[in-house]
Amino acid sequence: MNIFRLAGDMTHLASVLVLLLKIHTIKSCAGVSLKTQELYALVFATRYLDIVTDFISVYNTVMKLIFLGSSFSIVWYIRHHRVVRRSYDKDQDTFRHYLLMIPCMLLALFVHEKFTFKEVMWTFSLYLEAVAILPQLVLLQRTRNIDNLTGQYVFLLGAYRGLYIFNWIYRYFTEPHFVHWITWIAGVVQTLLYADFFYYYFESWKNNVRLQLPA
Amino acid sequence: MEHTSGKDEL
């Protein structure tokens, strides 16, 4: 494992911890999109089907369990926790999941490497992950005054995707036959979605003002 | 290791 991959995984882990911290300690999910969280839960559930069939490493299995467990518990908190659910911006979080899920499923059925259940599900998870942040970005745009933790959560998620691209560049030059077009294209698309957010995030940081996305 | 490149990622 190279440094970019490790840094990417750790950033991803940090993003989840920041979100859990906000929900668990402050008992608030204001500004957090349940739609995005549900899509992530689906992404991990469909991607990690191999957790029971292939053993890669202890690190790999543990991280998979963490991402599965945290994504489902975040969804549970927002939907069912008696205090947290009251802070959910239901009226603002109106992005429809199926607008993302159906095209991703169709694309996975037609564009994949092997036509097996596990492989199509894995490909679906890559496509879905690429666009799963959209409901969250739409919600941020509608929310005036984004709080620090929510801003940091999205920033860390974006940083994780960026680091994975460096990881692929590194692996491309150091490992023979490391060519994975589907993963790469989905990953680059996903990272580009954060470009606008990053711009405003750094602007607000530089000028020391509260993060606000233009409507 | 024909198919594992990338599959070891999260």
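Computed over heavy atoms, backbone and side chain alike; hydrogens, waters and symmetry mates excluded.
Residues of residues 127-143 of chain A lying within less than 4.5 angstrom of chain B, judged on heavy atoms, are absent.
Around CZ of A:F95, the count of heavy atoms belonging to other residues, nucleotides or ligands within 6.0 Å exceeds 12. Counting heavy-atom neighbours within 6.0 Å of A:F55 CZ, excluding the residue itself, gives a total above 12. Summarising the local packing, CZ of A:F198 is surrounded by more than 12 heavy atoms from other residues, nucleotides or ligands at distances under 6.0 Å. Heavy-atom neighbours of A:H24 NE2 from other residues, nucleotides or ligands within 6.0 Å: at or below the threshold of 12. Within 6.0 Å of CG in A:L65 there are more than 12 heavy atoms belonging to other residues, nucleotides or ligands. The number of heavy atoms from other shown groups lying within 6.0 Å of CH2 (A:W76) is above 12.
For chain B, the option among A:Y48, A:F44, A:Y59 with the highest count of heavy-atom pairs below 4.5 Å is A:Y48. Interface summary for chain B: among A:M63, A:K64, A:R5, the most heavy-atom pairs under 4.5 angstrom belong to A:R5.
A salt bridge links A:R171 and B:E9; the closest N-O separation between the charged side-chain nitrogens and carboxylate oxygens is under 4.0 Å. Using a 4.0 Å cut-off between charged side-chain N and carboxylate O, B:K7 and A:E113 make no salt bridge.
Using a 4.5 Å cut-off between heavy atoms, A:D54 does not touch chain B at all. Neither the backbone nor the side chain of A:W184 comes within contact range of chain B; no heavy atoms are under 4.5 Å apart. Interface remark: A:N60 contributes backbone and side-chain atoms alike to the contact with chain B (heavy atom separation under 4.5 Å).
The shortest distance between side-chain heavy atoms of A:H12 and B:L10 does not fall below 4.5 Å.
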